[in-house]
Amino acid sequence: MLHDDRRAVPAREVSAPARGEAPIVWDRATTAAAIGFGPLVDALRTAVVEYQAGLIHSPERLSVPLAEGGVALSMPASAADIAIHKLVNVQPANARHGRPTLHGIVTLIDTATGEILCGLDGPEVTGRRTAGISLLAMATFLPTAPEEIVLIGTGAQAAHHVAGIHALYPGCRVLVRGIDPGQVEAFCQRHGVCHPSLAPCPDIIPESAQVVITLTTSKEVVYDLPASPGRLVIGVGAFRPDMAEIGSTTLHGSRLFADDPAGARHEAGDLLRAGVDWQTVLPLAAAISKPPSGHPVVVKSVGTAAWDLAAARVARSSLQQAARRPNGPVFPPGQPATPKNGVAAHDFRA
């Protein structure tokens, strides 16, 4: 059974709304249980190709200011079969009062009728689909299942990645690196319940690490080793132009891919700072059918509502199962959800 850092998630009954009834809003644990990482990676693989082909529409996000320096974000996406609308409120001032800094909901919409089918927990969807893109990159570029992965960062995204890695690669060794050794040790103790093969990373990243995933909001480079054909580097955390995690040594020595190249031109601070030639930054979709072999690869993940739509497709399948099985629980126990207060403002990925 998988666990989060506070408690096991019990089996959940998920029911579909009867015709004419108000849509059901799922909490974090139910949302997590509805979006398993295996089906999510498959859905993301399809969505990445569809998005590149123009079959999923995902415009730039709209933002409006809130009090105390907060911001409200609106991110819709639509395809032929389904549409979603993610509304997320980020309020950094809440941290001073011990309250969650991130609140949000993803509404699942029937494109034929416009009917809202259900609401999903926004932070849980965001965390899962972001980790899902990293898992898809591993499945795309690695010749075999990873045996050793390094995570740089100890925030909410790192927690989602541990959960995703355990779901798909339960025997993989995961090493964690961060600025504060105490935070790294505490992170490993909390999430080692979910993934026992979790430990602090040595001062020097082992050559045996097949994957390095950066998950910080650093404004200074945290990884800049020479590019290696035997190592996949995935940049997740730096999602603003003033942030940078991966250095020019790694970037200029690698084949570059981005989940959303158009978004990366505005948001991928590490690529902007390194002055990469944007003509060489290929969409992740290009590697789905023909991944490069024998070359070092860096994948930059910036996110788009199209990936939320992929997660919603998985949730819709769970909703359909619920409609066929109204008298019993649909999900097994053990899909981890992030702790209620575990999403800090700097962990937010749209």
Side-chain angles (χ1 to χ4, degrees), residues 35-61 75-86 106 108 111 120 125-143 145-146 157 160-161 164-165 167-169 211 213-215 232-239 254-268 271 278-293 295 297-317 349-350:
I35 306 174
F37 281 104
L40 176 59
V41 170
D42 291 338
L44 284 167
R45 182 180 291 106
T46 298
V48 162
V49 174
E50 290 181 342
Y51 181 59
Q52 182 65 23
L55 300 177
I56 296 178
H57 304 282
S58 178
E60 291 187 22
R61 66 190 181 199
M75 291 156 282
S78 67
D81 60 322
I82 194 175
I84 63 99
H85 189 184
K86 180 160 75 171
V106 177
L108 175 55
T111 55
L120 308 173
V125 171
T126 301
R128 284 182 167 258
R129 57 84 154 156
T130 302
I133 285 291
S134 296
L135 295 168
L136 175 60
M138 286 186 254
T140 301
F141 292 104
L142 296 181
Q157 274 302 332
H160 279 293
H161 276 70
I165 291 166
L168 270 62
Y169 308 111
V211 185
I213 307 175
T214 59
L215 300 145
L232 170 67
V233 178
I234 305 172
V236 175
F239 55 90
S254 304
R255 295 282 181 92
L256 304 179
F257 292 83
D259 63 338
D260 180 16
R265 286 174 179 261
H266 305 288
E267 300 177 8
L271 275 63
W278 288 102
Q279 298 302 315
T280 67
V281 181
L282 301 177
L284 180 57
I288 297 296
S289 59
K290 190 177 180 181
S293 59
H295 298 279
V297 170
V298 170
V299 177
K300 181 61 185 176
S301 171
V302 295
T304 166
W307 311 156
D308 298 308
L309 185 144
R313 281 173 166 165
V314 179
R316 181 189 58 176
S317 176
R349 290 289 312 279

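Any value given below was found using the heavy atoms of this structure, including those in side chains, with hydrogens, waters and symmetry copies removed.
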What pair of heavy atoms forms the shortest contact from [X] to [Y], and how long is it?
X: Asp259; Y: Gly303; result: OD2-N, 2.9 Å
X: Pro283; Y: Pro261; result: CA-CG, 3.6 Å
X: Val297; Y: Pro292; result: CG2-CG, 4.1 Å
X: Pro76; Y: Ala305; result: O-CB, 3.6 Å
X: Ile35; Y: Ala315; result: CG1-CB, 4.2 Å
X: Ala264; Y: Ala258; result: CB-CB, 4.1 Å

More than 12 heavy atoms of other residues, nucleotides or ligands under 6.0 Å from CZ of Arg255: yes or no?
no

As an exercise, state the distance from [atom1] of [X] to [atom2] of [Y], rounded to the nearest 0.5 Å.
X: Leu135; Y: Leu40; atom1: CG; atom2: CG; value: 8.0 Å
X: Ile213; Y: His161; atom1: CD1; atom2: NE2; value: 4.5 Å
X: Asp260; Y: Gln52; atom1: CG; atom2: CD; value: 9.0 Å
X: Leu55; Y: Thr46; atom1: CG; atom2: OG1; value: 11.5 Å
X: Glu267; Y: Ser301; atom1: CD; atom2: OG; value: 10.0 Å
X: Ile288; Y: Phe141; atom1: CD1; atom2: CZ; value: 7.5 Å

The side chain to side chain contact (heavy atoms under 4.5 Å, CB included) partner of Ser134 among Val236, Leu215, Ile165 is Val236

Student check: side-chain heavy atoms of [X] and [Y] closer than 4.5 Å:
X: Ile133; Y: Arg129; answer: no
X: Val211; Y: Met138; answer: yes
X: Trp307; Y: Thr126; answer: no
X: Ser58; Y: Leu309; answer: no
X: Arg313; Y: Asp81; answer: yes
X: Leu136; Y: Leu284; answer: yes

Q.
Checking Thr130 against His160: is there a side-chain donor and acceptor pair closer than 3.5 Å?
A. no

Between Trp278 and Leu271, does a side chain to side chain contact (heavy atoms under 4.5 Å, CB included) hold up when you go through it step by step? CA-CA 9 Å; Trp278 288 102; Leu271 275 63; 3.8 Å; yes

Is it the case that the side chain of Lys86 and the backbone of Ala77 share a donor-acceptor pair, with hydrogens and angles ignored and the cut-off at 3.5 Å? no

